[in-house]
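Treat the numbers as computed from the prediction; the structure is a model and nothing was measured. Residue numbering restarts at 1 for every chain, and letters A, B, ... go by the order of the sequence lines.
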Amino acid sequence: MTATLTHTPAEQALIDALEGATGWRAQLREATRREGLPTRRHELWKWSDLRRAANDVTAPGRITVTGLDTPITDGARIELCVAATAGASAADAELVIPAGAKVTLIERYSAEAGALANWHLGITLEAGARLDRVIIATDTGDSAFIASAEIVLAPEAHLHQRALDFGGRLSRIETHVTHPGEGAEVDLGGVYLLDQGRHADSTSVVHHTGPGGVTKQLVKGAAAAKGHGVFQGKFMVDRAAQQTDARMTHRAMMLDDRAEIDAKPELEIYADDVQCAHGNALGALDETALFYMRQRGIPAVRARALLIESFLAEPLDAIADETLREDLKAQLRTRLEALS
Amino acid sequence: MLNIENLHCQVETQEGEEKPILKGLSLNVPAGEVHAIMGPNGSGKSTLSYVLTGRDGYEVTQGSMVFEGADLSELEPEERAAAGLYLSFQYPVEIPGVPTITFLKEALNAQRTARGEDEVTAPEFMKLIREKAKQLGVSMDMLKRPVNVGFSGGEKKRMEILQALVLEPKFMILDETDSGLDIDALKTVSEGVNALRAPERGMLVITHYQRLLDHITPDVVHIMANGKIVKSGGPELAKELEAEGYDKYLGEAA
Ligand SMILES: Nc1ncnc2c1ncn2[C@@H]1O[C@H](COP(=O)(O)OP(=O)(O)OP(=O)(O)O)[C@@H](O)[C@H]1O
Ligand SMILES: [Mg+2]
């Protein structure tokens, strides 16, 4: 078969940027060559149109990652700064968390206006390893920033992930987890807060392949007028993954009638003895509570911020590192006060 | 202190229609006085409390409401609060995720800032709230819980008065603060309210029952029916109502 696809300037720029690349970046190049950038026609991109979000990208750009030289040993704190310039770019890395080691991984994303940035992590957790992963996507406002991770756990390994996303022209945090059960545990959580014109997409697939796996997921979000939040969560449970206990919840607040929030929680279960559940709830700001607070003297803007904060903060409360937790909550607060 | 003249107010129903509720209500509460309002269900008592405090959807179509010389209809709800207007809600609202103590400190300091006063410091605030909580028999444990979440009906009412003791408003509207209170709680809460009685303070006490007025003796009792005050008198009016009901006033309101 010959490829007859005509590439957009952004697609061509990305293919050019990845000339001569190997590994995951070569796969990205070939996928882009073959199919172009994902649009809503792709099943996993139902509500996020990357081709459109990148329509002003015409040239290759650069993406730099610092912090990758930190040795991954027990107690390590790895802080990665992933920064993209305008233009199309991609970077990836592989991390192995050694057996029994407890490691904190912090990823801070930033991008210039007009960036189309792709960042991919392959992470292996060996037996009994624990990874606390915290993603801070608060500085990618005028760009398309796609972060994806492929995380494979060994038995007894624990993955605890939290993300804070203020969105961008398109911000996507995609997480694929292979969960072997047998004492392994996965806890995925996230918060998105979207001002005018911002788009954030949280997509995850947790594939349970062995017995007795425990998985929790709590994603909370809020979108102002013309903000667009997307949650796609999928739990797959193989026939061999009996006694899996997996719970997924997405709750979001529409701060304006012109906000859009789309959610697709999915369970795909082939085992018969499991406890799996998903919940999805969309609501609006409680006007009665808002009036009650204002009646007590709290100005409307502050009352609104307090109410939204108390709704959103829950997933962040579970971040073990106190400084980090308070830093993220402070960022959330500041953002809320500035919300239009 | 509070002067309401010929007030007409309408609410927007869920079907989007305008429904008149207050139909020419006049009422004057001078500083230092406690006025009670009694009236049948649906006569517009809570509506009056909401329109005075500025709730969205309650529109004044005619008349005026003036508080210490200021036209209330020109002030936002938080500005009315800072000016000293306090409503003890008939149905206090739950605010998940916001601890009562945080909420109250935030409210007190917001009011103080709006009035150009210094904020209270954390230790000052803790001292204040401990003292008031003790006065009302509220545990510090309860104050750490989110505002009204999971509180019993009576606990919520007690909390409304605790908030008033902390905020020390100039004018209090108590909307059926007695409903849901057991006999002992009614006494504690009434004592809390009486402690706030002062020559520079006014109160409007909405109630269905004489038993609250046994504890908080009003200077004037008003009967409200169909969106208007239809009769005013001394404390004996409440006793008469208890004996005879509203029948003879309903005709006059139509
Ligand atoms: N948003 C609304 N939509 C439609 N009707 C309303 C609305 N708000 C109030 N009303 C109506 O206005 C009337 C007055 O209500 P209000 O709550 O003020 O009565 P009340 O005197 O406080 O009664 P109660 O003694 O039962 O507390 C009632 O008939 C009520 O149904
Ligand atoms: Mg009422």
Notebook entry, point to check: Do you know the tightest heavy-atom contact between B:Ala110 and A:Pro299?
Noted result: CB-CD, 3.8 Å
Note to self: Please classify the contact between B:Leu87 and chain A as side chain, backbone, both or neither, with a heavy-atom cut-off of under 4.5 Å.
What the structure shows: both
Notebook entry, point to check: For A:Gln275, which residues count as a side chain to side chain donor-acceptor pair (under 3.5 Å) partner, sequence neighbours excluded?
Noted result: A:Arg247
Next item on the list: Specify the closest pair of heavy atoms between B:Val93 and A:Ala289, including all atoms of both residues, with the distance to one decimal.
Entry: CG1-CA, 3.7 Å
Checklist line | Chi angles and distances behind the side chain to side chain contact (heavy atoms under 4.5 Å, CB included) call for A:Thr288, B:Arg55 | finding: CA-CA 9 Å; A:Thr288 313; B:Arg55 186 170 184 157; 3.5 Å; yes
Checklist line | Neighbour count above 12 (heavy atom, 6.0 Å) for A:Asp257 CG | finding: no
Margin query: Are more than 12 heavy atoms, taken from residues, nucleotides or ligands other than A:Asp317, located less than 6.0 Å from that residue's CG atom?
Written below: yes
Item checked: Choice from A:Glu314, A:Met293, A:Glu287 maximising heavy atom contacts with chain B below 4.5 Å -> A:Met293
Notebook entry, point to check: Above 12 or not: heavy atoms from other molecules or residues under 6.0 Å from NZ of A:Lys329?
Noted result: yes
Notebook entry, point to check: Do A:Arg296 and B:Glu160 meet the salt-bridge criterion of a basic N to acidic O distance under 4.0 Å?
Noted result: yes
Check: What is the ring orientation for A:Phe291 with B:Tyr50, classed by angle as parallel under 30°, tilted 30 to 60°, or perpendicular over 60°?
Finding: perpendicular
Checklist line | Residue part contacting chain B, namely of A:Leu290, when any heavy atom lies under 4.5 Å | finding: neither
Note to self: Can a donor-acceptor pair be found, under 3.5 Å and without considering hydrogens, that links the side chain of A:Gln295 to the backbone of B:Pro77?
What the structure shows: no
Margin query: Tell me if the CZ atom of A:Arg251 is crowded by more than 12 foreign heavy atoms within 6.0 Å.
Written below: no
Notebook entry, point to check: Can you name the one residue among B:Glu79, B:Arg80, B:Glu76 that meets side chain to side chain contact (heavy atoms under 4.5 Å, CB included) with A:Arg294?
Noted result: B:Glu76
Check: With only heavy atoms counted, which part of A:Ala313 is less than 4.5 Å from chain B, the side chain, the backbone, both or neither?
Finding: neither
Next item on the list: Could you tell me which of B:Gly97, B:Pro169, B:Ala107, B:Ala114 has the largest number of non-hydrogen atom pairs under 4.5 Å with chain A?
Entry: B:Ala107
Next item on the list: Just do the side chain to side chain contact (heavy atoms under 4.5 Å, CB included) check on A:Leu306 and B:Phe103 with the steps written out, would you?
Entry: CA-CA 9 Å; A:Leu306 262 176; B:Phe103 171 72; 5.6 Å; no
Note to self: Are there over 12 heavy-atom neighbours, none belonging to A:Lys216, within less than 6.0 Å of that residue's NZ?
What the structure shows: no
Margin query: Counting only non-hydrogen atoms closer than 4.5 Å, does B:Asn148 touch chain A with its backbone (N, CA, C, O), its side chain (CB onward), both, or neither?
Written below: side chain
